[in-house]
Amino acid sequence: MGSGVSTLPTSKLSISSVGRFLTRRKGITANDLPDAQIQWILMGEESSGRRTLAKHLQLLYTYQNKEDLEEAHKAMVPQIRIMITQQLQILAQVAEQELDYEFGDFSFGSSYDIRIDLELLQQMSLDQVEQPWTREDADRILRLWATSAMQGAYCDRGVVNQSRQSRLGLAREINESLAYFCQPNKIDDLMQPGFIPSFQDYLRFPQQHNLQGVKDHLLIAGTGANTTTIRLTTLLNTPTQKWMSSIENGSLIAFCVALPCLPLSVKGNKMNPCDYNRIKTARSQFSSIINMSILSSTPIVLIFTKADSCSIDDPDDVRKLIHSFVDLSKRELSIRVLLSNSMKEKKVRSIFVGLMRATIELGLERTKLKQKR
């Protein structure tokens with residue numbers, strides 16, 4: 001059984017990183033912030049780390065102390081139970097009706113009939129998950145999750161995610177988080193009335209977003225006169241022309257790229273084919289964004305994530321990879337590059353300060369370019 005102990009930070013998070021940065025930078029004050037309300041737009045290719053970074057920033061710069069964090073994480077528990085119940089119901093239906101997987105009529109031992117388990121699963125009301133699962137409910141979920149039919153449907157979740165519920169936004173898309181939360185220790189945790197999800201649970205839980213694939217948060221950093229409000233907009237899908245025209249006046253665009261993190265597959269190659277194709281796609285997307293005329297004066301930061309698990313050992317090769325993105329720029333406004341080698345609190349705060357520095361300095365650079373014109 002899981003411990004249910006929170007791994008949240010214990011120190012108060014009200015110290016102003018912005019204030020400390022401003023006092024260290026000679027000649028720069030809070031009045032130099034380019035907008036009354038700063039807007040940061042996070043974007044990037046799939047698995048670029050942008051959603052994880054957004055969650056970290058939200059965690060550190062929205063809630064102010066451990067008690068607030070624990071209450072916010074407690075409120076997540078019923079949502080996790082809803083996600084598991086709903087997605088298993090969808091998987092079970094699609095497995096038999098569309099993918100031709102068979103659960104059969106066999107029994108587990110002498111007491112459990114899988115057909116009865118399936119019927120009881122479909123009868124589980126999403127309105128009842130405010131209360132912890134019973135032992136019977138938890139065992140039933142684990143038995144069904146272990147069946148070959150359910151595992152087959154999970155592997156074919158690309159088909160499952162085309163179901164009516166997913167397409168209409170009535171259910172979360174099925175991804176790796178379901179397997180994470182269907183582990184026996186996690187199911188046992190979700191049975192406990194006082195369970196508080198860990199920070200890792202928070203990162204694994206897919207946050208719901210609107211049908212346009214956009215997630216907005218208001219970050220608040222600092223106290224008193226140094227308080228700064230930042231609207232953090234995370235684009236979860238490939239940005240469309242409509243969205244590009246709506247964010248051209250944003251304070252900063254942060255484009256995330258995950259460094260190669262899989263083992264090298266062929267001797268002499270710098271990265272494996274999977275990473276190569278992913279980075280090639282990211283480079284193409286970045287090129288189309290950075291050179292758009294409507295974004296020619298929008299500050300842009302390039303964030304390379306997952307540096308701690310990068311499979312490229314030679315620093316020169318990493319620099320070449322970074323320059324292969326930076327050199328795509330054909331505009332006057334410069335690009336800033338940030339390297340994220342960890343998602344620990346201290347490192348995330350460093351990323352925040354780097355984004356604030358770029359917001360101020362590139363904002364000043366943008367103003368000078370406009371004055372020249």
Side-chain angles (χ1 to χ4, degrees), residues 8-9 11-22 29-44 48-76 79 169 197 199 202-203 205-237 239 242-256 298-301 303 305 338 340 343 345 347-360 362-363:
L8 304 172
S11 60
K12 291 194 174 183
L13 305 176
S14 60
I15 299 175
S16 173
S17 296
V18 182
R20 290 200 303 268
F21 164 64
L22 293 176
T29 69
N31 294 328
D32 291 315
L33 294 174
D35 306 295
Q37 184 184 85
I38 299 172
Q39 183 185 23
W40 291 345
I41 298 100
L42 283 180
M43 61 177 65
S48 62
R50 68 200 185 287
R51 284 185 284 191
T52 300
L53 177 58
K55 286 183 178 182
H56 277 276
L57 290 171
Q58 180 196 8
L59 182 74
L60 293 178
Y61 294 99
T62 301
Y63 306 108
Q64 296 299 309
N65 53 50
K66 179 183 177 182
E67 289 72 24
D68 288 341
L69 289 168
E70 289 183 349
E71 286 303 314
H73 282 209
K74 276 184 181 179
M76 191 173 69
Q79 298 178 43
F199 188 39
Y202 172 79
L203 293 179
F205 183 61
Q207 302 295 308
Q208 194 71 298
H209 54 80
N210 61 34
L211 293 177
Q212 284 74 38
V214 179
K215 191 74 176 177
D216 276 319
H217 298 293
L218 281 182
L219 308 182
I220 301 175
T223 56
N226 281 325
T227 298
T228 302
T229 301
I230 300 160
R231 181 184 175 190
L232 181 68
T233 300
T234 307
L235 301 186
L236 305 180
N237 300 327
K242 174 184 175 181
W243 272 106
M244 297 313 296
S245 61
S246 67
I247 63 177
E248 59 181 303
N249 295 318
S251 307
L252 188 75
I253 291 178
F255 190 93
C256 297
T298 301
I300 292 182
V301 166
I303 303 179
T305 64
L338 297 177
S340 173
M343 281 290 112
E345 178 182 337
K347 298 296 185 180
V348 176
R349 289 188 181 279
S350 296
I351 289 289
F352 178 89
V353 173
L355 290 172
M356 184 57 68
R357 176 184 290 115
T359 301
I360 295 173
L362 291 178

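Along the sequence shown, residues carry numbers from 1.
- No side-chain heavy atom of Thr305 sits less than 4.5 Å from a side-chain heavy atom of Leu53.
- The CZ atom of Arg349 sits 10.0 Å away from the CG atom of Leu57 when rounded to the nearest 0.5 Å.
- Looking at Leu232 and Gln58, their side chains never come closer than 4.5 Å, going by heavy atoms from C-beta outward.
- The shortest non-hydrogen separation linking Gly354 to Leu338 is C-CD1, 4.0 Å.
- For the pair Ser48 and Cys256, the tightest heavy-atom approach, listed with the atom from each and the gap, is CB-O, 3.3 Å.
- Of all the heavy atoms in Pro299 and Gly363, the pair that sits closest is CG-N, 4.4 Å.
- For the atom pair CD1 of Ile41 and CG of Leu252, the computed distance is 7.5 Å after rounding to the nearest 0.5 Å.
- Closest heavy-atom contact between Arg50 and Leu42: O-CD1, 3.7 Å.
- The closest side-chain heavy-atom distance from Trp40 to Val301 is not below 4.5 Å.
- With values rounded to the nearest 0.5 angstrom, Ile230 atom CD1 is found 13.5 Å from His217 atom NE2.
- To the nearest 0.5 angstrom, Leu235 atom CG is 12.0 Å from Arg51 atom CZ.
- Nearest heavy-atom pair across Met76 and Pro197 is CE-CB, 3.4 Å.
- The structure places CG of Leu355 at 4.5 Å from CD1 of Ile303, a figure rounded to the nearest 0.5 Å.
- Here the straight-line distance linking atom CZ of Phe352 with atom NE2 of His56 works out to 15.0 Å at 0.5 Å rounding.
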